[in-house]
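The block underneath contains the structure these notes are about, expressed in structure tokens.
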Amino acid sequence: MNQLDSATDNYTAQDAVLVLEDGQVYIGEPYGAVGATRGEIVFSTAMTGYQETLTDPSYDRQIVVQTFPHIGDTGVNPSDPESSRIWVAGYVVRDPSVNVSNWRATGSLDDALVNNGIVGISHIDTRKLVRHLRTAGVMRAGIFSGDALLDGQGEPRSIDALLDDVRQTPQMKGMSLYDEVSTKERYVVEPAGAFEGKEPVATVAAVDLGIKAMTPQRLAERGCRVVVLPSTTTFEEIEQLNPDGVFFSNGPGDPEQADDMVAMLREVLSSGYPFFGICFGNQLLGRALGFGTYKLKFGHRGINQPVKDVTTGKVEVTAHNHGFAVDAPLGQTVDAPYQDGAFGKVFVSHVDLNDDVVEGLQCVDIPAFSVQYHPEAAAGPHDAAYLFDRFVAMMNDANAKNAKEESTNAQA
């Protein structure tokens, strides 16, 4: 690996070049597809689960750096993807495996990246790169290889020219991306496991803002029928389903650019539907309650993040993928700021132990809660799976309360 200044063009079309918007340059080898890609460069601290990472729609428009040096050992298989395609804009690894060794593998990671057109770079000092991103913060970057490194005369392009390309890439802050990754048609995930073939325990309207496949699966395993809806769904369409609860998924982009989803969520909360949100859904609940959101310096991405559930005092190891967070007060129950407390009281239910970032919200007076991390957690850990049980219990409690009120009204 070489780190160059902007005046040096010490590479050929056989190399791959990573250019950061602050001028840092890394030269390595092409990995995956050859060409050019640009996006926000972020890093994931997961030691496993790279296939789930690559297919997480929340990574849309992002170049992902793996901090774990050896990637690709177990190849790829058709069972582990979290969506129908690879979503990352680019991929950065230190030492890609030259062999695939796993009984479930049906191909190599390198081939999967090529087949999906994902431009990557390997054999650079990812430790140095990640330390820089932790200090300077995540930023825009580009990976260039093959013909993308050459000008019209077949000569190597200057680093300054590549840097200009990078700096023309839109910033993640201010971008609205959930419509880009959402399903275009609704679909249904029926009860599974011990509940397969049985009447559903509850029906959940799940708004897809970048949903991971394991999320409706976790609800289905608890007896729920999950109707997954496009991001363009209206509140009236949700009402027509007569759901027992409403779920907002994870997703990419800036939550400040989701006013329409915030408005719809306020209708959901005002109508009394039990609500559960994950990741982007947590940020939208925060906004619906009247809190602000902000961009983290380098975000949380990986499957080894410690979070404390303040309602139980337990510490969970959790899976994260977020660059934005909710700005809400820790350690106190407050009136939700929206319309002078129209939604009652709320408190921060989960806190990241690394940096005190808000990782969950719990409403006191309405049936709504959310977490910033991923309790579905493919490829693990599963410490937070109990949150799906909480949501099912919340829906059951709401149904029992409604049934009691209807009975009382009938008797009156």
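Everything numeric in this text was worked out from a predicted model, so none of it was measured. The chain is numbered in sequence order, starting from 1.
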Taking only distance into account, with no hydrogens and no angle test, what donor-acceptor pairs under 3.5 Å do side-chain atoms of residues 329-344 form with protein atoms, sequence neighbours excluded?
from, atom 1, to, atom 2, distance (Å)
Asp335, OD1, Lys345, NZ, 2.8

Ignoring hydrogens and angles, write down the donor-acceptor pairs under 3.5 Å from the side chains of residues 189-206, residues two or more places apart or on other chains.
from, atom 1, to, atom 2, distance (Å)
Glu190, OE1, Arg225, NE, 2.9
Glu190, OE1, Arg225, NH2, 3.4
Glu190, OE2, Arg225, NE, 3.3
Lys198, NZ, Ala194, O, 3.2

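Around the CZ atom of Arg131, the shell of radius 6.0 Å holds no more than 12 heavy atoms that belong to other residues, nucleotides or ligands. Heavy-atom contacts from other residues, nucleotides or ligands closer than 6.0 Å to NZ of Lys297 number more than 12. The environment of CG in Asn304 is crowded: more than 12 heavy-atom neighbours from other residues, nucleotides or ligands sit within 6.0 Å. Residue Met47 places its CE atom among 12 or fewer non-hydrogen atoms of other residues, nucleotides or ligands, all under 6.0 Å distant. Within 6.0 Å of CD in Glu185 there are 12 or fewer heavy atoms belonging to other residues, nucleotides or ligands.
The closest donor-acceptor contact from the side chain of Asp254 to the backbone of Lys173 lies at 3.5 Å or more, if one exists at all. No donor-acceptor pair closer than 3.5 Å links the side chain of Thr233 to the backbone N or O of Leu229. Gln51 places a side-chain N or O within donor-acceptor distance of the main-chain N or O of Asn77, the cut-off being under 3.5 Å. Counting only distance, with no hydrogens or angles, the side chain of Thr37 and the backbone of Ala89 share a donor-acceptor pair below 3.5 Å. Between the side chain of Gln283 and the backbone N or O of Phe324, at least one donor-acceptor pair lies under 3.5 Å. Of the possible polar contacts, one joining the Ser97 side chain to the Asn99 backbone as a donor-acceptor pair under 3.5 Å is found. Between the Thr55 side chain and the Glu82 main chain, a donor and an acceptor come within less than 3.5 Å of each other. With hydrogens and angles disregarded, no donor-acceptor distance shorter than 3.5 Å links the side chain of Arg186 to the backbone of Val228. In this structure, the side chain of Thr318 engages the main chain of Gln305 through a donor-acceptor pair within 3.5 Å. In this structure a side-chain-to-backbone donor-acceptor pair under 3.5 Å is missing from Ser182 to Pro230.
Ring-plane geometry between Phe276 and Phe369 is classed as parallel, the angle between the planes falling under 30 degrees on a 0 to 90 degree scale with a further cut at 60. A perpendicular orientation is assigned to the rings of His70 and Phe68, their planes being inclined by more than 60° (bins at 30° and 60°).
With no hydrogens or angles considered, a side-chain donor-acceptor pair links Asp244 and Asn399 at under 3.5 Å. For the residue pair Asn102 and Thr74, no side-chain donor N or O sits within less than 3.5 Å of a side-chain acceptor on the partner. Under 3.5 Å, the side chains of His300 and Asp355 contain a donor-acceptor pair of N or O atoms. Between the side chains of Asp56 and Asn321, at least one donor N or O sits under 3.5 Å from an acceptor N or O.
Smallest separation of non-hydrogen atoms from Tyr273 and Pro243: CE2-O, 3.6 Å. Taking all atoms of both residues into account, the shortest heavy-atom contact from Tyr59 to Ser44 is OH-CB, 4.0 Å. In plain terms, the two heavy atoms of Thr45 and Gly302 that are nearest each other are OG1-CA, 3.7 Å. In this structure, Asp165 and Arg38 approach most closely via the heavy-atom pair OD2-NH2, 3.4 Å. Closest approach of Ala141 and Ile63 over heavy atoms only: O-CD1, 3.6 Å. The nearest pair of heavy atoms linking Pro255 to Arg287 is O-NH1, 2.8 Å.
For the pair Asp125/Arg94, a side-chain contact is recorded, criterion being any heavy-atom separation below 4.5 Å from C-beta on. Using a 4.5 Å heavy-atom threshold, the side chains of Tyr11 and Leu149 count as touching.
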Item to complete: Take Glu40 and Arg61, measure what side-chain contact (heavy atoms from CB on, under 4.5 Å) needs, and give me the verdict at the end.
Response: CA-CA 7 Å; Glu40 180 182 62; Arg61 306 287 189 98; over 6 Å; no
Pair Gln171-Met175, side-chain contact (heavy atoms from CB on, under 4.5 Å): steps then yes or no | CA-CA 7 Å; Gln171 300 271 8; Met175 293 185 71; 6.0 Å; no
- Could you please spell out the steps behind the side chain to side chain donor-acceptor pair (under 3.5 Å) verdict for Gln66 and Tyr91? CA-CA 8 Å; Gln66 296 279 181; Tyr91 204 40; 2.8 Å; yes
Please report the C-alpha distance between Gln372 and His322 in whole Å, then the side-chain angles of each, then the deciding distance to 0.1 Å, and finally whether the side-chain contact (heavy atoms from CB on, under 4.5 Å) criterion is met. CA-CA 8 Å; Gln372 183 59 64; His322 66 106; 3.3 Å; yes
task = Begin with the C-alpha distance, continue with both residues' side-chain angles, and end with the deciding distance and a verdict on side chain to side chain donor-acceptor pair (under 3.5 Å) for Arg390 and Thr311.
result = CA-CA 12 Å; Arg390 278 190 187 178; Thr311 67; 3.0 Å; yes
(Q) Run His350 and Tyr373 through ring pair (Phe, Tyr, Trp, His ring centres under 6.0 Å) and show every step you take. (A) CA-CA 10 Å; His350 295 76; Tyr373 53 93; 5.8 Å; yes
Take Gln24 and Tyr26 through the side chain to side chain donor-acceptor pair (under 3.5 Å) test and state the conclusion after the steps. CA-CA 7 Å; Gln24 281 213 1; Tyr26 298 80; 2.5 Å; yes
How far apart are the C-alpha atoms of Asp111 and Ser108, what are their side-chain angles, what is the distance that settles it, and do they pass the side chain to side chain donor-acceptor pair (under 3.5 Å) test?
CA-CA 5 Å; Asp111 288 342; Ser108 73; 3.2 Å; yes
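The salt bridge (Lys or Arg N to Asp or Glu O under 4.0 Å) contacts involving residues 356-382 comprise Lys212-Glu376, where partners must be two or more places apart or lie in separate chains.
Looking at residues two or more places apart in sequence or on another chain, you find a side chain to side chain contact (heavy atoms under 4.5 Å, CB included) between Glu29 and Ser122, His123. In this view, Phe280 and Tyr178 satisfy the ring-ring contact (aromatic ring centres under 6.0 Å, His included) rule, not counting sequence neighbours. Applying the side chain to side chain contact (heavy atoms under 4.5 Å, CB included) rule to Asn116 yields the partners Arg85, Ile86, Ile118; only residues at least two apart in sequence or on another chain are considered.
Once rounded to the nearest 0.5 Å, the distance linking OG1 of Thr183 with CD1 of Ile211 reads 9.5 Å. Interatomic distance, CE of Met139 versus CD1 of Ile41, reported as 8.5 Å (0.5 Å rounding). Separating the CZ atom in Arg266 from the OG atom in Ser271 is a distance of 14.0 Å, to the nearest 0.5 Å. Rounding to the nearest 0.5 Å gives a distance of 9.5 Å between CG of Leu129 and CD1 of Ile121.
Using a cutoff of 4.0 Å between basic side-chain nitrogens and carboxylate oxygens, Arg104 and Asp80 are scored as salt-bridged. Salt bridge status for Asp352 with Lys308: absent, with no side-chain N to carboxylate O gap under 4.0 Å.
The only option from Val207, Leu285, Asp260, Leu289 that meets the side-chain contact (heavy atoms from CB on, under 4.5 Å) definition with Leu265 turns out to be Leu285.
If you look at Phe275 and Phe247, their ring centroids are not closer than 6.0 Å.
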